[in-house]
Amino acid sequence: MRKKMVAGNWKMHGNLVQNKQLLDAVIADLNELGEDLVVVCVPYLYLPSVQKQLQNTKIALGAQNVSQHEMGAYTGEISASMLSDFQCQYVIVGHSERRMLFGEDNHVVAKKYVAVQNAGMAPILCVGETLEQREAKVTKQVIEQQLMSVISLAGVESFNKAVIAYEPVWAIGTGKTATPEQAQDVHAFIREEIAKQNLNVANQLTILYGGSVKDNNAPELFAMPDIDGGLIGGASLIANDFIAICRALRH
Ligand code: 13P
């Protein structure tokens, strides 16, 4: 059975007071979750306070970025071992905002993926096409390249300890969700690409959908056979919406 998962990506939002209120509400409601995984990926600075708040809960802690370097003279950067010091279990790598706004290419993303695994954490590898790429009908080529750069550096078996998030760039923060069929089509493609190299790895791989997931569209997205949950931006900041999305995993 593949693990189902909902991960909140808070991006650059929140403060100490708001974070506490949000998580108090989420913890109170979600603590009885069974096998499903709920993760919150918070800004670096809030890792210590959120780590404390999540102690003795079933909600896991994640980060949104990491340096590809192990240590050294990299002013302003945070290494994977620093993240694991704060009991981070997941780290988002290759988010389209990092790729587009901070110039991270497939090679850098692959190095970050490896750095996360070397420190004993699981990367949440984001892949996805822009609107121009979708219109030019190169979605699958783009995603294949994004996957292959990781596979060539880390090997396909590395996906035994990773999660993939398909996030079409045109659906992020725009209110334009991919239809369940559009998302399923790409999720199935991702699983097939991995299956070509290792069927067992593909069958157990959790593949999340991200891009304007809300409480009202989560159930139909999560009902698709290759969609194992979601990576949630805006709606992860609203306790009731996030809770409803987590609950949609069960239906
Ligand atoms: P939204 O849910 O706000 O569209 O963001 C999706 C996302 O980028 C999650 O990583």
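As the structure is a prediction and not an experimental result, all values here were calculated from the model. Atoms within a ligand are numbered from 1 in the order they appear, just like the ligands themselves.
D85 meets the salt bridge (Lys or Arg N to Asp or Glu O under 4.0 Å) test with no other residue; sequence neighbours excluded. Partners of K137 by salt bridge (Lys or Arg N to Asp or Glu O under 4.0 Å), not counting sequence neighbours: none found.
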N or O contacts of ligand 1 with protein under 3.5 Å, please list pair by pair.
from	atom 1	to	atom 2	distance (Å)
ligand 1	2 (O)	G233	N	2.9
ligand 1	3 (O)	G234	N	2.9
ligand 1	4 (O)	G173	N	2.7
ligand 1	4 (O)	S212	N	2.8
ligand 1	5 (O)	K11	NZ	3.3
ligand 1	8 (O)	K11	NZ	2.8
ligand 1	8 (O)	H95	NE2	2.8
ligand 1	8 (O)	E167	OE1	3.4
ligand 1	10 (O)	N9	ND2	3.0
ligand 1	10 (O)	H95	NE2	2.9
ligand 1	10 (O)	E167	OE1	3.2
ligand 1	10 (O)	E167	OE2	2.9

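Side chain of Y209 to main chain of A218: no donor-acceptor pair is present (N/O by atom type, distance under 3.5 Å, no hydrogens or angles).
Residue pairs that meet the ring pair (Phe, Tyr, Trp, His ring centres under 6.0 Å) test with at least one member in residues 51-72, sequence neighbours left out, are H69-Y74.
Within the 4.5 Å cutoff, the side chain of C88 has heavy atoms near those of the M121 side chain. At a threshold of 4.5 Å between non-hydrogen side-chain atoms, the residues C126 and I92 count as touching.
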